K.L.:
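Here it is, the structure, as structure tokens.
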Amino acid sequence: MPRSGKTDKDGEKHSNKKFYMCLCSCCLFWFILCVVLVTALVFIGRHLLHNTIQPRVYYTFKTPVLDLPESRKLNYKKLPNDTRPILYNITLLPYLDKVYFEGFVNISIDVFNPKRELVVHSKSLTIISVDLVREDVKSLQLLSFTENLEDEVLVITPKEKLFPGRYFVGIKYRGKFDNKTTGLYKSTYEYGYSTRTIATSKFEPTYARQAFPCFDEPNMKAKYIVHLLKPKQSNYIALSNYPVSKTESYDDSSDLVTFEETVSMSTYLTCFIVSDFTYTNTTFENDGTLTPLRVYASPGNIDKTTYAGETAKKVIEYYVTYFGIPYPLPKLDMVAIPDFVSGAMEHWGLVTYRETALLYTDSTHSSSNKQRVATVIAHELAHSWFGNLVTMDWWNDLWLNEGFASYIEFKGTDAAEPTWNMMSQFQTSDLHPVLSLDATLSSHAIVVTVTTPDEITSIFDTISYNKGASILRMLEDTVGETNFQKGVKSYLEKYAYGNAVTKHFLDEIQSVIGSTFNISEMMDTFTAQMGYPIVNVTYDATTGNYTLTQKRFLKDPDATYDTSNITYGYKWTIPITYVSDQGKSTEKIFFPYNEESIQIKKPDGVQWLKFNFDQIGYYRVNYDNEQWQTLINRYSELSVMDRTHLIEETFSIAEAGLLSYNIPLDLTRQLVNETSYTPWSVASSKLQAIHTYLTDSSQSTLFKDYIKQIVSNAYNNFTWVENDSDDHLSRLSRLVVLSLACVAEDSNCLNEAQSKFNSWIDDTSQTLSQDLRSIVYKYGMVNADESTWYKLLEIYEAESDANEKLKLINGLANVKNTTLLEKLLELTKDTTVVRSQDYFTVLGYISVNTAGTDLIWDFVRNNWEYLVDRFTLNDRYLGQLIRTITSSFSTAERLAEMQAFFNQYPDAGAGASSRKTALETVENNIRWLERYKSTVESWITELNEN
């Protein structure tokens, strides 16, 4: 059947051809369908990964919580810079009735180089699950996700290598509310007969990682979509950096609040709050539009928010004009938090404050409370541009944030309260404290290398804030206010929504002024090395020339230090200014760091000359005795700032052994006719310091008599009687003068304080002046009996206002009865009596009481492990505690005790530099008694004999 065979074969060929044609058609159809489906899936996947997921698909957290093993030893002091976050989609469930919170974060990231693992920050979080998805929606299998506890990171290792592109990391986790006031935490307050609970956050500098896994470094900016769980009750609200987008039911008892997507910002600027707070509402003019401004507080404090809102409106409208850049966000909220570790925090669009820094009323708070509120608001709102819009690249340039805000706050407050003369108060509040600290070997440069969280936390100090502000003030005076403002605007515009370093800022100032002089050279000598110069001035009457030389100023004249690794060898390029009886100099004079000396010709017809006009330059000036005496004789002809300068300068130089103590003491005789606030503020501080040194001296009584003599005119001028016509500075001056008189044991002052206290404690319904309460409580309680002390304690415990509580507890801490002080010390452990935020303040109050100094020192040494366990070594306020409570020590025995304590507990955490400063302070106190006590005693004796 050959034919038949042929026919069969041909038929088979025909059949196969039809089959393959059909198969190809099917394959093409399925191929096209797959392409469409993959494309759709990619689109849908991107949409789901980048945008808000509906509440109903969020995790229910029924997965068992497991502890993770510690990662293999890797060094992640800083995150790899080849991975960047783009968007965080965060869901936080802060259960107000539980001890924990839960969360899910989906992070969109870009990877720039091939790598084996992803690293994100995470601390004190229990990681439940991790998902890693590629941009093409391929889910990548993981080998592990492990924690490196030392570096506070989570290391995610997939099975396959990661190549450049976009990825999405989803992390489900749980965290603990652990009675700390960093990260995401709970705060409580009393209202009516109930205790209310809120959830809030504080992330700067390295605490965002305690609330959600993230890239917790300032230059890792990203956008945020936030979802917060809140109780369903209508009085509860949720707040974050941006306005609410929508609110949906989550379960029977909770709602999920979704917020609009933010601009790009650093992790430490994010903020999450769930509370039952209410608010007062206003708006501010923002480059032609009105932006909403709200001030939130607990219901019982809402009447204390009006001043904050009025002040914030004035301040931020001034900043919009000053910077020439609109406020960048769609809303501004300010919130008073009952438990807050810092004074305030500049979370962008949701600024949080300690209650004492935001709440104020004329009827219950003092003038100093009012100024505190205004200046803190001005400081935090300045960060909306300097720090938030443009952020330092790394923490070593922290001064770009804090130094600028610390300086510009004076301009902002001056705009809101022009009668307060704020620029003159810069000397006493910012400049003088840092001149004292920066004259020690334990100081540090403004720009300093920091890596670990403890190191980072430690530089939130006087150097970064006050010195940063002081050298900016000097820079502005050098280049001119208009040029400075132009340079600032240019800097902010150029680096908006990004990061910058010190050089970037200085380059923008340089571009404005041109090549007239080198800005970077001058400023680098002040930012790259610690300390500052003292300029020694000699005058040649024959030539009419002043010769200026410079050297590093230190409190210890015998201190030795190495200059070999310092670029400028502790020499500075100094902008020299002066004022004379013919006015302020207009010429620009520079003393280059690499010149041994410069000469300045005395202008024709000038009778006297004082260098460093208004103490704007960050340096000291010393003259020979004849020139000093000339300035003392011309004291009344000088401006308030120059008078303040002379008092602070002479005492400080004398303390360093470079000037006889006769000069500053002679200068204090000019105070007899002084009535201004800042000169008296400095004089009071310096005279009280000497009074402390002379506690055991035979001349102590005579020195107190001298203080009473020079303060008597001012005391009789201000009196205890307040008038409605008293301006702000008069009210501040009155308190300084009366306090000094009481320190000197003026009988009229002490009797008046005691009389006012007795009348009030017998009938607390009486009105007691809000400006004088602190001094009345303090001196009224010195010799109080036990029943009186307990009565004041009851008043303190019943008081709800945070400012008033601090005044009352300062009174409790001033009693001389050590048994009562021990009782107070025990009470401080109870957070229902003393909030954790006030703990170190109260210990400081007790320590300055001579009856409590030893008590606190023994307590801290015996309870150090308790303190570390409660606050951690990363707490900078714990780190500063030793320096505070030992500042009056002046014996070798005390110094040995401190050294033994430090040897016993060598790990200082964020307090390492404060320990060094504490030791230097005590060494300086010992040296003062050895070298200068007899000189002061001789001066007092001679004065008394004459």
Side-chain angles (χ1 to χ4, degrees), residues 426-427 431-432 434-435 438-439 467 470-481 483-484 506 509-510 513 515-527 529 531-541 543-553 568-624 627-628 630-631 634 638-639 641-646 648-650 652-653 658-659:
F426 182 92
Q427 283 176 286
L431 178 61
H432 293 169
V434 74
L435 287 176
D438 209 18
K467 185 174 182 178
S470 298
I471 65 170
L472 286 172
R473 175 174 174 251
M474 178 175 67
L475 174 63
E476 180 187 51
D477 183 72
T478 303
V479 303
E481 187 173 358
N483 287 336
F484 181 79
L506 298 180
I509 302 291
Q510 188 75 66
I513 68 165
S515 58
T516 53
F517 64 91
N518 191 326
I519 288 290
S520 292
E521 180 186 279
M522 181 188 85
M523 292 295 286
D524 284 352
T525 62
F526 287 94
T527 61
Q529 56 186 358
Y532 58 90
I534 181 168
V535 174
N536 292 298
V537 178
T538 59
Y539 177 63
D540 186 337
T543 62
N545 287 334
Y546 291 94
T547 300
L548 279 59
T549 58
Q550 67 161 292
K551 68 174 184 178
R552 183 181 180 184
F553 178 80
Y568 301 102
Y570 290 113
K571 294 292 183 70
W572 290 263
T573 295
I574 311 167
I576 300 295
T577 62
Y578 62 83
V579 64
S580 71
D581 54 302
Q582 294 185 358
K584 180 188 174 184
S585 61
T586 56
E587 58 181 324
K588 280 187 169 45
I589 305 169
F590 291 94
F591 188 164
Y593 77 93
N594 54 1
E595 295 287 343
E596 290 298 319
S597 65
I598 63 169
Q599 288 192 336
I600 297 175
K601 183 73 173 178
K602 184 178 182 180
D604 293 338
V606 166
Q607 297 181 31
W608 57 266
L609 187 149
K610 173 195 167 291
F611 286 96
N612 198 2
F613 170 72
D614 280 351
Q615 204 176 10
I616 293 175
Y618 193 73
Y619 58 94
R620 296 201 180 281
V621 183
N622 197 8
Y623 311 88
D624 58 37
Q627 292 178 85
W628 274 121
T630 298
L631 292 175
R634 302 289 184 171
L638 299 173
S639 69
M641 294 173 74
D642 277 326
R643 298 201 303 272
T644 305
H645 178 199
L646 284 192
E648 191 274 337
E649 192 97 287
T650 52
S652 298
I653 297 176
L658 303 176
L659 181 66

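This structure is a prediction, so every number in the text was calculated from the model and none was measured.
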K.L.:
Between D624 and W628, is there a donor-acceptor pair closer than 3.5 Å when you use the side chain of the first and the backbone of the second?
P.N.:
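Checking the backbone N and O of W628 against the side chain of D624, no donor-acceptor pair under 3.5 Å is found.
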K.L.:
Can you name the nearest heavy-atom pair linking Y618 to D438, along with the distance?
P.N.:
OH-OD2, 2.9 Å
K.L.:
State, yes or no, whether a side-chain contact exists between M522 and V479 at a heavy-atom distance under 4.5 Å.
P.N.:
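Of all side-chain heavy-atom pairs linking V479 with M522, none is under 4.5 Å.
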K.L.:
Does the side chain of D524 come within less than 4.5 Å of L506's, by heavy atoms?
P.N.:
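Counting from C-beta outward, L506 and D524 do come under 4.5 Å.
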K.L.:
So which atom in T547 and which in S597 form the shortest heavy-atom distance, rounded to 0.1 Å?
P.N.:
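Result for this residue pair: CG2-CB, 4.2 Å.
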K.L.:
Minimum heavy-atom separation for Y570 and W572, please, with both atom names.
P.N.:
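Result for this residue pair: O-CZ3, 2.8 Å.
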K.L.:
Taking the side chain as C-beta and beyond, is there a heavy-atom pair between N612 and T577 under 4.5 Å?
P.N.:
yes
K.L.:
Quick one: are T525 and Q529 in side-chain contact, heavy atoms under 4.5 Å?
P.N.:
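Answer yes - side chains close enough.
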K.L.:
Given side chains that start at C-beta, do those of N483 and I509 come closer than 4.5 Å, heavy atoms only?
P.N.:
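SC-SC contact between N483 and I509 ruled out.
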K.L.:
Provide the closest heavy-atom pair for S470 versus V434 in the form atom of the first, atom of the second, distance.
P.N.:
OG-CG1, 4.1 Å
K.L.:
Work out which heavy atom in F611 is nearest to a heavy atom in H645; give both atom names and the distance.
P.N.:
O-CE1, 3.9 Å
K.L.:
Is there a donor-acceptor contact under 3.5 Å linking the side chains of Y578 and E587?
P.N.:
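Side-chain D/A pair, Y578 to E587: present.
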K.L.:
A side-chain contact here means heavy atoms from C-beta on lying under 4.5 Å apart; do T478 and F517 qualify?
P.N.:
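Answer yes - side chains close enough.
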K.L.:
Could you check whether any side-chain N or O of N545 sits under 3.5 Å from a backbone N or O of Q599, counting only pairs where one atom can act as donor and the other as acceptor?
P.N.:
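Judged by distance alone, no pair lies under 3.5 Å.
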K.L.:
So, does K571 use its side chain to make a donor-acceptor pair with the main chain of P592 at under 3.5 Å?
P.N.:
no
K.L.:
Just do the ring-ring contact (aromatic ring centres under 6.0 Å, His included) check on Y619 and Y532 with the steps written out, would you?
P.N.:
CA-CA 6 Å; Y619 58 94; Y532 58 90; 9.2 Å; no
K.L.:
Holding to side chain to side chain donor-acceptor pair (under 3.5 Å), I want the full list of residues that pass it with Q427, two or more places apart in sequence or in another chain.
P.N.:
Q615
K.L.:
Report yes or no: does K467 contribute a side-chain atom to a donor-acceptor pair with the main-chain N or O of T527 at less than 3.5 Å?
P.N.:
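Flag not set: sc K467 to bb T527 has no pair under 3.5 Å.
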K.L.:
Where do P533 and Q550 come nearest, in terms of heavy atoms and distance?
P.N.:
CB-OE1, 3.7 Å
K.L.:
Are side-chain N/O atoms of S639 and D614 paired as donor and acceptor at under 3.5 Å?
P.N.:
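Looking only at side-chain atoms, D614 and S639 do form a donor-acceptor pair, the distance falling under 3.5 Å.
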K.L.:
For F484, is there any backbone N or O sitting under 3.5 Å from a side-chain donor or acceptor partner on E476?
P.N.:
no
K.L.:
Do E648 and T644 get their side chains close enough for a donor-acceptor pair, meaning under 3.5 Å?
P.N.:
no
K.L.:
Given side chains that start at C-beta, do those of F590 and E521 come closer than 4.5 Å, heavy atoms only?
P.N.:
no
K.L.:
Could you check if a side-chain atom of I600 sits within less than 4.5 angstrom of a side-chain atom of I589, using non-hydrogen atoms only?
P.N.:
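In contact.
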